[in-house]
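To start, the structure under review is shown below, and the notes come after it.
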2 protein chains.
Amino acid sequence: MTKLEKPHHHGDLREALVIAGIELMEENGVDALTLRKCAARAGVSHAAPAHHFKGIASLKIAIMARGHSFFATAIAKEMTRTPPDPMAQLQAVCQGYLVFANRHNPLFQLMFNSSNTDLSTITPAVAAEFLQNAHESYGLLKQACEPFENAPGAANSTEITVWSLVHGFAMLFNKDSSRAAPTGPIPEFAKILAGLELRIKPGL
Amino acid sequence: MTKLEKPHHHGDLREALVIAGIELMEENGVDALTLRKCAARAGVSHAAPAHHFKGIASLKIAIMARGHSFFATAIAKEMTRTPPDPMAQLQAVCQGYLVFANRHNPLFQLMFNSSNTDLSTITPAVAAEFLQNAHESYGLLKQACEPFENAPGAANSTEITVWSLVHGFAMLFNKDSSRAAPTGPIPEFAKILAGLELRIKPGL
DNA sequence: TCCTTATTTTTACACTGTCTAGATAGAGTT
DNA sequence: AACTCTATCTAGACAGTGTAAAAATAAGGA
């Protein structure tokens with residue numbers, strides 16, 4: 001069979017389904033993500049995905065894994081174009097975090113919606129990929145927190161604090177959250193982060 | 001007609017649907033919330049809810065409003081049983097926040113899932129009730145932040161900081177979040193909050 | 001070539017949200 | 001009391017969804 005004819009096999013249906021899902025969400029929001037629509041967009045029957053993903057939950061995890069990969073890339077890019085000052089680096093991580101949450105809002109919502117994060121019924125390989133990619137972005141933040149002091153008796157308090165802070169800020173005060181502040185203008189996150197008055201570890 | 005016979009009218013179907021929805025979620029998670037199941041549990045046909053809510057989105061908003069009411073109550077209760085020291089009060093607010101997020105996790109997830117927060121197609125009265133109740137809990141947090149200094153040039157930085165912090169912490173580090181820390185044990189939130197080193201306003 | 005496996009389609013089913021038309025109850029109004 | 005009018009509810013239908021099973025097709029090796 002020549003390459004010009006349409007083969008029965010798709011070639012890389014798995015990849016096509018992930019891409020289709022991301023596109024559907026970017027175009028029409030989280031709820032537009034549907035197994036059948038993904039299949040249709042990939043040019044394949046609605047039951048075809050079953051051979052690559054155990055079900056819609058499994059496909060969602062795969063999409064979330066891809067999202068976390070983009071996420072880590074976005075944060076890393078922001079870091080590389082920032083001078084190696086500790087505070088500037090940490091600001092860059094948060095900047096990347098918030099920019100991604102804005103630019104890929106539906107994907108971001110999916111990634112951090114805990115009702116999708118039931119890995120128990122998922123193909124182990126897909127679950128593993130998701131966890132690894134998710135840890136990647138956290139590693140960048142952890143690394144950026146390294147130079148700063150922690151609270152006494154909590155070796156990781158800074159990273160927990162900053163992660164909670166930036167994540168909560170992204171969830172609550174991004175564009176389109178109708179619940180947002182009954183309390184005047186929202187400060188820039190950079191100012192919020194500076195308000196933590198983090199201290200460089202002695203001897204650095 | 002005597003009160004003993006079953007009337008054609010339900011009596012308070014609207015209320016019954018809200019309760020049914022909350023019960024369904026508490027029993028089987030967020031995804032168990034379904035228009036038809038709510039109707040069934042309220043002992044009514046699947047089309048009956050249409051007269052009280054424009055659709056499932058509208059019912060969800062009503063449930064979220066009820067949730068925010070419980071939420072504010074839980075926070076207020078925690079405040080009243082705490083001595084009127086500013087820092088203790090703020091800790092109490094966060095304690096109430098996190099306890100609620102744990103004890104009513106599906107409801108909490110629903111309340112803060114922005115994909116449900118499209119008020120544009122909703123009955124205005126339902127939307128208004130939701131916004132009012134949502135602002136109630138925020139008011140308590142704002143009030144507890146009142147005694148503390150804000151960052152220069154941001155009159156509300158403390159409340160934004162604390163709200164982001166506690167909300168992010170609740171989302172990321174509650175039980176069952178499979179993405180949680182690749183980084184050792186999670187500190188108590190009280191320690192995290194104390195780490196902010198908030199200062200009482202001069203003259204208080 | 002034949003067999004085996006991987007991939008996809010077809011068909012079917014239960015469940016969901018929504019819409020329509022019709023039935024019934026409740027509350028006036030005259 | 002009879003009549004209307006409105007609110008509420010039921011019954012039925014429809015398109016879309018996820019999932020499962022069986023049949024068809026392609027790909028690759030023996």
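Within every chain, numbering begins at 1; the chains are lettered A, B, ... in the order of the sequence lines, protein sequences first and strands thereafter.
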| Electrostatic pair A:Lys201-A:Glu149, nearest N-O below 4.0 angstrom | no
| said: With nearest nucleotide decided by heavy atoms, which residue, B:His46 or A:Pro49, maps closer to the 5′ end of DNA chain C? | reply: A:Pro49
| query | Whole Å only: how far is the CG atom of A:Leu33 from the C1' atom of D:dT17? | reply | 12 Å
| query | When the distance from CG of B:Asp31 to P of D:dG18 is rounded to whole Å, what number comes out? | reply | 12 Å
| query | Which distance, rounded to the nearest 0.5 Å, do you find between the CG of B:Leu98 and the CZ of B:Arg103? | reply | 13.0 Å
| query | From D:dG18, C:dT16, D:dC9, pick the nucleotide closest to the side chain of B:Lys37? | reply | C:dT16
| For A:Lys60 and D:dT17, what is the distance between atoms NZ and P respectively, to the nearest whole Å? | 13 Å
| field | Interatomic distance where NZ belongs to B:Lys54 and C1' belongs to C:dC19 [whole Å] | value | 15 Å
| query | Quick check: are there more than 12 heavy atoms from other residues, nucleotides or ligands sitting under 6.0 Å from NZ of B:Lys77? | reply | no
| message | Rounding to an integer number of Å, can you tell me how far A:Ile56 CD1 sits from D:dA20 P? | response | 13 Å
| message | Any base atoms under 4.0 Å from B:Ser45, or only sugar-phosphate, or nothing? Heavy atoms, all strands. | response | base
| message | If you apply the rule side-chain hydrogen bond (donor to acceptor under 3.5 Å, both in side chains), what do you find for B:Ser69 with B:Asn133, and how did you get there? | response | CA-CA 6 Å; B:Ser69 171; B:Asn133 290 11; 4.7 Å; no
| request: Starting from C1' on C:dG26, measure out to CG on B:Asp12 and report it in whole angstrom. | output: 16 Å
| query | Where the side chain of A:His51 is concerned, which of C:dG17, C:dT7, D:dT8 is the nearest nucleotide? | reply | C:dT7
| Proximity to the side chain of B:Ala47 - top-ranked nucleotide from D:dT10, D:dC9, C:dT18 | D:dT10
| Counting side-chain heavy atoms from CB outward, which of D:dC9, C:dT9, D:dT17 is closest to A:Arg36? | D:dT17
| Residue A:Leu13, side-chain atoms from C-beta onward, closest of C:dT8, D:dT19, D:dT17 | C:dT8
| query | To the nearest angstrom, how far is B:Phe53 atom CZ from C:dT18 atom P? | reply | 13 Å
| query | Would you find more than 12 non-hydrogen atoms of other residues, nucleotides or ligands less than 6.0 Å from A:Gln132 atom CD? | reply | no
